[in-house]
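Worth saying up front: this structure is predicted, and the values here are computed from it rather than measured. Order of the sequence lines fixes the chain letters, A, B, ..., with proteins taken first and strands second; residue numbering starts at 1 for each chain.
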Amino acid sequence: MPELPEVETIARGLSRAVVGKTIDEAKVFLPKVVLPDPATFRAGVAGEHICTVGRRGKFVVFTFASGTRVAVHLRMTGRLLIRRADDNGTYPYENVRWLFSDGSLLSFADIRQFGRMRLIEPGQPWDEILGLEPLSRRFTRDRFSELLQGRTTPIKAFLLDQRRIAGIGNIYACEALWEARIRPTRAAGSLSRERRERLHAALQSVLRRAITMGGTSVDDYVNADGERGGFQNELSIYGQDGEACPRCSAAIVRTVIAQRGTWWCRSCQRS
DNA sequence: AGGCGTACCTGAGGGC
DNA sequence: TGCCCTCAGGTACGCC
């Protein structure tokens, strides 16, 4: 499931590989995955020159010379894969393909068909509903504390809400709460100042460490070169039910919070 | 307004 | 062995 570190890794790989290339043509094999519609999408990217590839929340964002952008959300199983000019085989679950003028390709593949590629006209706002970038300078301890203020939702659900903070998903929410020793069911606004500060630091720490390792591959995730990440070997709590807590050795449990599997330690994430 | 439940999908895995 | 059922999950959307 690509979250911030995985999307950042993909965007960096794409930046190295496709910036400076020109898109000759887009082929759309599954019409519903391109927005606003296939004809507009194909016309909007044809002939475009790629200037930058970046990330906003869990979106990969391509910016073209004209100012037009394409924002890609991979949801759970989406992949953006760089393919060499001599790679002319069919790719499983390939929904969209960009053909570059140098003969190389970019494939958007997605088993579950949830991922989307959205064409954005120059100047058109698209990310207003997304919250703060947790690794940005604006995400201060005080700003985080303000966001939590008065919220009754469980802290785990709060962390997953992209309108507040953008980019955190199930894996890093579980890991950060464990690192900060906070019970995931705790009402967000009821956290003490000390715990808010611990959680703020834990979020930044776990996201940075995961980026360094190229993201977490527990399931389908691979980067733009088709390689798995390394942070799955560093996970303390996510997916570890029945294992011993690395901090206190109590058994890790799995419960459901906000309709999501949640792994935590009842012993050292007590409040 | 905020919080909650459900639809969207397919593959994996458990039960019989 | 093989079929059927359930579950997994990020987000949009509808409802209360």
Remaining members of hydrophobic cluster (4.5 Å side-chain criterion), Y93(A): I111(A)

Of all pairs that satisfy ring-ring contact (aromatic ring centres under 6.0 Å, His included), the ones with a partner from residues 243-271 of chain A, not counting sequence neighbours: Y238(A)-W263(A)

Considering only heavy atoms from C-beta outward, does the side chain of W178(A) approach that of Q240(A) to under 4.5 Å? no

Below 4.0 angstrom, which residues in residues 150-162 of chain A have at least one non-hydrogen atom near DNA chain B? R151(A), T152(A), T153(A)

Non-hydrogen side-chain atoms of E175(A) and R209(A) separated by less than 4.5 Å: no

Give a yes/no answer on whether the side chain of H73(A) brings an N or O atom under 4.0 Å of OP1 or OP2 in dT11(C). yes

When the distance from CD of Q113(A) to C1' of dG10(C) is rounded to whole Å, what number comes out? 16 Å

What pairs of residues pass the side chain to side chain donor-acceptor pair (under 3.5 Å) test when at least one of them lies in residues 181-191 of chain A, not counting sequence neighbours? R183(A)-T185(A), R186(A)-S190(A)

Tell me, do V45(A) and F62(A) make a side-chain contact under 4.5 Å, heavy atoms counted? no

Applying salt bridge (charged side-chain N to carboxylate O under 4.0 Å, His left out), can you list everything that pairs with R163(A), at least two apart in sequence or on another chain? D161(A)

With a 4.5 Å heavy-atom cut-off, do V222(A) and L81(A) have their side chains touching? yes

For residues 99-126 of chain A, which residue pairs qualify under ring-ring contact (aromatic ring centres under 6.0 Å, His included), counting only residues two or more places apart or in two chains? F59(A)-W126(A)

Would you please name every residue forming a salt bridge (charged side-chain N to carboxylate O under 4.0 Å, His left out) with R143(A), sequence neighbours left out? E146(A)

If we fit an axis to the first five pairs and another to the last five of the helix from dG2(B)-dC16(C) to dC16(B)-dG2(C), what angle do they make, to the nearest 10°? 50°

Where does the chain A footprint on DNA chain B start and end, counting 5' to 3' with a 4.0 Å heavy-atom cut-off? dG3(B) to dG11(B)

Distances under 3.5 Å only, N/O to N/O: pair up the protein atoms with those of nucleotides 5-9 of chain C.
| unit_1 | atom_1 | unit_2 | atom_2 | d |
| --- | --- | --- | --- | --- |
| dA8(C) | OP1 | R254(A) | NH2 | 2.8 |
| dG9(C) | OP2 | G261(A) | N | 3.3 |
| dG9(C) | N2 | R112(A) | NE | 3.3 |
| dG9(C) | N2 | R112(A) | NH1 | 2.4 |
| dG9(C) | N3 | R112(A) | NH1 | 3.2 |

Could you check whether R193(A) pairs with D142(A) (Lys NZ or Arg NE/NH1/NH2 to Asp/Glu carboxylate O, under 4.0 Å)? yes

Residue pairs passing the salt bridge (charged side-chain N to carboxylate O under 4.0 Å, His left out) test where at least one lies in residues 56-72 of chain A, sequence neighbours excluded: R56(A)-D127(A), R56(A)-E133(A)

Name of the residue among L177(A), V253(A), I257(A) meeting side-chain contact (heavy atoms from CB on, under 4.5 Å) with T262(A): I257(A)

Nearest heavy-atom neighbours spanning S236(A) and I252(A): O-CD1, 3.8 Å

Report, one pair per line, the protein and nucleotides 12-16 of chain C atoms (nitrogen or oxygen only) whose separation is under 3.5 Å.
none

May I ask you to test the E179(A)-R198(A) pair for a side-chain heavy-atom distance under 4.5 Å? no

